[in-house]
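This one's a predicted model, so the numbers in the text were calculated from it and none came from an experiment. Along the sequence shown, residues carry numbers from 1. Both backbone and side-chain heavy atoms feed into the values below; hydrogens, waters and symmetry mates do not.
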Amino acid sequence: MTTGYDRSSCPLPSKGIQSLIADALRDNWDREAFTEYKGATLLFRDVAERIARLHILFKETGIMPGDRIAICGRNSSGWAVACLAIMSYGAVAVPILHEFKPDNIHHIINHCEARMFFAAKHIWDHLVPDSMPAVEAVLSLESFSVFLSRNSALDSACSGLDGLFKSLFPNGFTKDDVCFTDADPESLAMINYTSGSTGFSKGVMLPCRSILNNRLFSTRAMYDFQAGYEVLSMLPMAHMYGFSFEFFYEFTKGCHIYFLNRLPSPRIIFEALGNIKPRLIVSVPLVIEKIVRKNVMPRLEKPLMKFLLKLPVAGNVMRRKIGQELVSAFGGRFFEVIIGGAAFSHEVEQFLASVNFPYTVGYGATECGPIITYQDKGSFVQGSCGVPAPNMEVRILSSDPQNIAGEIVCKGPNVMLGYYKDPEYTKQVIDEEGWFHTGDIGTMIDGRYLKITDRKKEIFKLSTGKYIAPQVLENKLNESDFINNSIVIGANEKFASAIIIPTFDTLHFWCAKHRIHYENNSEMISIPEVQKRIQEEVDIINKDLAEHERIHRIRLVNDEWTPQTGELSQTLKLRRAFVLKKYENLCRDIYNYNNKEHKEEELNKKKHE
């Protein structure tokens, strides 16, 4: 594939979402469309017939264009078919992240007033039907059979579906029978409930124009993409990042999409990339970082390798070889790896650049469906997130955007209509001139390339009046081989501290080398020598920080932070409010709030208030 990203503004395509879906089905009738990794495959003609059958059920049930239909399950062919059926019918798709807890799923179903719900069996088994009293039908994502029906018309339609299908298509179902009616670009296409990093879900209302302009961006960024190309769907399709760039665009181009319908651990992803050899890889930073740190960086620490890399000629040869091996390990056929969704490790990015690995970093938000900025690997500036996407404007609210950081705002067709049933919060983030206030802080490199520095909402103030940007400090901590993840705390305190999850594989090796014995990880992190070793890593980082930014106290925990356990969002960003709540007692202990003297001091304060 060649490069040639064109970000110039232009009108939206005349064809709507529904026509794009219809064209893809007709033009690629006999091609492979969806494959469950190591499982069954559907052709485009199979997808078309399943959509037609679901349309019959929608119509017989009384579903109207604009009605909400929810979907919840892991990435799969069934998920893809259900979503395409909903959107091509003109209904509003409400994708729900499958890691959401049952109470949150109940809330979303009720909040969006979904009339129908497609659920995977492992999701449905944990839900309570009486907690979703208004939903009329729940269908299986695996077989489209009925889990729950409160609509007699649906019962009749399901029992007689084969007959209804044959009467509608008496001469057999062909590509000529595929025809959908386009919706207005301003009409609501999707309500996407964000996992977010702030601890609550908001219903982002995305119009057709947002999805269409995101697809326009994809045609520009991957303009040489061809029908039949293989793509691996790793990110949740219920997240706009995964929906737009691993599913919808590729489907409308006639690509063959493979679904990782299991927990996408780095090991499974690495294996699948090698087997499928996709033409494009889209990933969140943490996945790339884990693969690089585990499979590549240990080799660079060997004495001979360190020596060779310092030599001018031999070093260049070795770096080129490492880069080629890494490209091969990722499948070898991809145009580039697009990284986005969270902050990217400066150390890993420097390494990828040094071995000429074809990567780029983009930036977006669910509220923009998601793309805001991007630049292809040929013109990408290291440390940036690219330039504004086609038809999008980006500004930094700062007197000197190149040197003084400010909030990032954007404007254009990608921007949402607002938050569902929440006009007040919508007014807080979309101003009167239509600028969406992202809540992220950044600068402009050379006046063009966006650089993210922190999140506005996450910056906190010490009791001294000094401000702390925790994400910056956490990124520095997490670059250590001994630190897997961390959260920096200290709002309204005299100094910053950190809760740290060590990289246990590294610690196991270090303990064995120094003959330190322990029964389990919990015991290991309580050993003074281990705590001192982690503190040494923190001290190295502190040397390059301003006095008020330095980490004064640390606590080690034997936990794993994942989307499943709630500490991370689906794009692996820290859900700060959740983590702070989880470790509330530990935070109090760090600042001595649990001792008797402090409790008496607080009691005296309250008496004098």
Side-chain angles (χ1 to χ4, degrees), residues 51 53-74 78-79 81-159 161 183 187-196 200-208 237-238 243 366 416-426:
I51 288 173
R53 287 175 174 271
L54 287 176
H55 281 188
I56 292 172
L57 292 183
F58 294 165
K59 184 177 180 181
E60 294 296 316
T61 309
I63 298 291
M64 301 293 291
D67 284 344
R68 273 76 66 202
I69 302 179
I71 320 170
C72 188
R74 294 190 181 95
W79 197 106
V81 169
C83 185
L84 293 168
I86 294 165
M87 298 183 77
S88 59
Y89 190 79
V92 176
V94 185
I96 302 173
L97 290 163
H98 70 273
E99 270 91 3
F100 278 171
K101 302 298 183 185
D103 285 349
N104 203 6
I105 296 174
H106 294 150
H107 164 73
I108 291 170
I109 295 293
N110 295 329
H111 185 259
C112 76
E113 301 170 288
R115 292 192 59 190
M116 188 176 283
F117 178 29
F118 289 89
K121 187 177 185 304
H122 74 277
I123 298 293
W124 178 244
D125 287 345
H126 294 91
L127 299 181
V128 180
D130 289 346
S131 296
M132 304 174 288
V135 70
E136 297 174 35
V138 181
L139 274 63
S140 161
L141 271 180
E142 289 82 6
S143 63
F144 299 138
S145 58
V146 178
F147 282 144
L148 171 72
S149 174
R150 297 180 175 129
N151 186 307
S152 58
L154 173 69
D155 297 333
S156 300
C158 286
S159 60
L161 183 57
S187 64
L188 183 60
M190 182 177 291
I191 304 176
N192 192 281
Y193 283 81
T194 65
S195 61
F200 60 91
S201 300
K202 304 181 294 294
V204 175
M205 296 190 293
L206 293 170
C208 293
M237 292 195 294
F243 174 86
T366 300
M416 67 174 178
L417 297 170
Y419 296 113
Y420 191 56
K421 295 182 179 179
D422 199 343
E424 290 305 313
Y425 194 61
T426 298

> Under a 3.5 Å distance rule, please check whether Arg74 uses its side chain to pair with a backbone N or O of His98 as donor and acceptor.
no
> Using side chain to side chain contact (heavy atoms under 4.5 Å, CB included), reason through Ile191 and Arg68 one step at a time and then give a plain yes or no.
CA-CA 8 Å; Ile191 304 176; Arg68 273 76 66 202; 4.0 Å; yes
> Which atom names give the shortest non-hydrogen contact between Ala183 and Cys208, and what distance separates them?
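Looks like CB-SG, 4.1 Å.
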> Take Phe118 and Trp79, measure what side chain to side chain contact (heavy atoms under 4.5 Å, CB included) needs, and give me the verdict at the end.
CA-CA 8 Å; Phe118 289 89; Trp79 197 106; over 6 Å; no
> Give, for atom CD1 of Ile86 and atom CE of Met190, the distance between the pair rounded to the nearest 0.5 Å.
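Here the rounded value is 8.5 Å.
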> Classify the angle between the aromatic ring planes of Tyr419 and Tyr425 as parallel (below 30°), tilted (30 to 60°) or perpendicular (above 60°).
tilted
> Please report the interatomic distance CG(Leu148) to CE(Met116), rounded to the nearest 0.5 Å.
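With rounding to 0.5 Å, CG (Leu148) is 11.0 Å from CE (Met116).
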> Is it the case that the side chain of Arg115 and the backbone of Glu113 share a donor-acceptor pair, with hydrogens and angles ignored and the cut-off at 3.5 Å?
no
> Quick check against the 3.5 Å criterion: does Ser140 have a side-chain atom that pairs as donor or acceptor with the backbone of Glu142?
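Answer holds: yes.
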> Hey, what do you get for NE2 (His55) to OH (Tyr89), rounding to the nearest 0.5 Å?
7.5 Å
> Tell me, with the steps shown, if His107 and Tyr193 meet side-chain hydrogen bond (donor to acceptor under 3.5 Å, both in side chains).
CA-CA 11 Å; His107 164 73; Tyr193 283 81; over 6 Å; no
> For residues 126-133, please give each side-chain donor-acceptor pair under 3.5 Å, one per line with the distance, not counting sequence neighbours.
| unit_1 | atom_1 | unit_2 | atom_2 | d |
| --- | --- | --- | --- | --- |
| His126 | ND1 | His122 | O | 2.9 |

> Mind listing the closest non-hydrogen atom pair of Leu206 and Thr366 along with its distance?
CD2-O, 3.6 Å
> When Cys72 is tested against each of Ile96, Leu97, Val138 for side chain to side chain contact (heavy atoms under 4.5 Å, CB included), which residue passes?
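Answer to the side chain to side chain contact (heavy atoms under 4.5 Å, CB included) test with Cys72 among Ile96, Leu97, Val138: Ile96.
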> How many angstroms lie between atom CD1 of Ile56 and atom SG of Cys158, to the nearest 0.5 angstrom?
11.0 Å
> How far does CD1 of Ile71 sit from CD1 of Ile123, to the nearest 0.5 angstrom?
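Going from CD1 on Ile71 over to CD1 on Ile123, the span is 12.5 Å.
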> For Leu154 versus Ser149, what's the shortest heavy-atom pair and its separation?
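Residues Leu154 and Ser149, closest heavy atoms: CD2-OG, 3.8 Å.
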> May I have the step-by-step check of side chain to side chain contact (heavy atoms under 4.5 Å, CB included) for Phe58 and Ile69, ending in yes or no?
CA-CA 10 Å; Phe58 294 165; Ile69 302 179; 3.9 Å; yes
> By the definition side chain to side chain contact (heavy atoms under 4.5 Å, CB included), identify the one residue from Ile105, Asn110, Asn104 that meets it with Ile108.
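Exactly one option meets the side chain to side chain contact (heavy atoms under 4.5 Å, CB included) with Ile108, and it is Asn104.
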> What are the two closest heavy atoms between Ala120 and Gly73, and how far apart are they?
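For Ala120 versus Gly73, the nearest heavy atoms are CB-CA, 3.9 Å.
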> Taking all non-hydrogen atoms of both residues into account, name the closest pair between Gly62 and Asp67 and its distance.
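In terms of heavy atoms, the two residues are closest at O-OD2, 4.1 Å.
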> Should we count NZ of Lys421 as having more than 12 external heavy atoms under 6.0 Å?
yes
> Between Ile51 and Ser88, what is the shortest heavy-atom contact and its length?
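So the minimum-distance heavy-atom pair works out to CG2-OG, 3.7 Å.
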> What's the spacing between Leu139 CG and Phe147 CZ if we round to 0.5 Å?
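The distance works out to 8.5 Å.
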